[in-house]
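What you see is a predicted model; the values in this text were computed from it and never measured.
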Amino acid sequence: MNEGAAFVYHGSASGLSFTSNWSAESNQANALFGFSVSTAGDVNGDGYSDVIVGAFLFENGQSNEGVAFVYHGSASGLSLTLDWSVEGNSYSGEFGYSVSTAGDVNGDGYSDIIVGARSFSNGHSPEGAAFVFHGSASGLSATSNWSAEGNQ
């Protein structure tokens, strides 16, 4: 119930395919996987676009902490297995409520991502926060390289 899912439909000269070419799900009830979905750019520099999916009500230690998942692209399409994920690790932070490519914010030639946590609290409740993770030849960093909070 409310697990959620994300689907990709490949385009062609004749338009979009009628059936999905790729799909994924969180395998957790009420996680709302796929509430936010975006291109991640090319976070590992292999020449293929990657996809980021948010599940802002995912729980693994904290209630509604949220998580962001990245699947790498390849010549055969998106990976069938998860390539990267980070949990919000904040009680009711709702990390992954919004996800997007951030472009190449540090100029190293790899796409970076940004993840929003709309109910993140650190001194103000709920103030919200945004987190940037840098891409590299080995993929995304395991911890955020930059963050900002609402402070209000």
Side-chain angles (χ1 to χ4, degrees), residues 2-9 11 22-152:
N2 294 325
E3 168 187 2
F7 301 88
V8 170
Y9 296 83
W22 175 90
S23 66
E25 52 192 55
S26 69
N27 295 319
Q28 185 180 98
N30 300 313
L32 294 181
F33 180 91
F35 181 85
S36 56
V37 180
S38 177
T39 179
D42 183 6
V43 300
N44 59 349
D46 64 358
Y48 297 96
S49 292
D50 308 312
V51 170
I52 182 169
V53 181
F56 77 100
L57 295 182
F58 189 90
E59 298 179 348
N60 187 27
Q62 290 87 16
S63 177
N64 298 336
E65 67 180 298
V67 65
F69 301 91
V70 170
Y71 299 87
H72 292 162
S74 71
S76 59
L78 286 172
S79 174
L80 298 177
T81 58
L82 176 65
D83 291 296
W84 178 91
S85 67
V86 168
E87 298 173 11
N89 293 324
S90 174
Y91 176 78
S92 292
E94 297 183 353
F95 184 84
Y97 186 84
S98 56
V99 296
S100 183
T101 182
D104 181 8
V105 299
N106 59 346
D108 64 357
Y110 298 93
S111 291
D112 307 311
I113 62 164
I114 187 164
V115 180
R118 76 172 186 159
S119 296
F120 180 85
S121 297
N122 184 22
H124 302 87
S125 183
E127 62 185 299
F131 301 86
V132 170
F133 297 84
H134 292 164
S136 71
S138 58
L140 291 162
S141 55
T143 58
S144 68
N145 300 101
W146 175 89
S147 64
E149 301 170 12
N151 290 328
Q152 205 174 68

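- Distance alone, capped at 3.5 Å, is enough to place a donor-acceptor pair between the E3 side chain and the N27 backbone.
- Considering every non-hydrogen atom in both L78 and V8, the closest pair reads CD1-CG2, 3.6 Å.
- Nearest heavy atoms, T101 versus S38: N-OG, 3.8 Å.
- Shown here are the ring-ring contact (aromatic ring centres under 6.0 Å, His included) partners of F133, two or more places apart in sequence or in another chain: W84.
- A pairwise comparison of heavy atoms in A6 and V53 identifies CB-CG2, 4.2 Å as the closest pair.
- Residues that satisfy the side-chain hydrogen bond (donor to acceptor under 3.5 Å, both in side chains) test with N106, not counting sequence neighbours, are D108, H134.
- One N or O on the side chain of W22 and one on the backbone of S79 form a donor-acceptor pair closer than 3.5 Å.
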Distance-only donor-acceptor pairs under 3.5 Å for side chains of residues 56-63, two or more places apart:
{"from": "E59", "atom 1": "OE2", "to": "S63", "atom 2": "OG", "distance (Å)": "3.2"}
{"from": "E59", "atom 1": "OE2", "to": "N64", "atom 2": "N", "distance (Å)": "3.1"}
{"from": "N60", "atom 1": "ND2", "to": "E87", "atom 2": "OE2", "distance (Å)": "2.8"}

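- Heavy atoms only, all atoms of each residue included: A68 and I52 are closest at CB-CD1, 4.3 Å.
- Side-chain contact check for V51 versus V70: every heavy-atom pair is 4.5 Å or farther apart.
- For H72 against V43, the heavy-atom pair with the smallest separation is NE2-CG2, 3.8 Å.
- Applying ring-ring contact (aromatic ring centres under 6.0 Å, His included) to F95 and the options F69, F131, F120 leaves one that passes, F131.
- In this structure, S111 and A40 approach most closely via the heavy-atom pair CB-O, 3.4 Å.
- Considering only heavy atoms from C-beta on, L140 comes within 4.5 Å of I113 through its side chain.
- Applying the 6.0 Å contact sphere to OH of Y9 captures more than 12 heavy atoms from other residues, nucleotides or ligands.
- For the atom pair N2 CG and S26 OG, the distance stands at 10.0 Å (nearest 0.5 Å).
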For side chain to side chain contact (heavy atoms under 4.5 Å, CB included), just list the numbers for D50 and D42, CA-CA rounded to whole Å, side-chain angles, deciding distance to a tenth of an Å, and then say yes or no. CA-CA 6 Å; D50 308 312; D42 183 6; 3.7 Å; yes

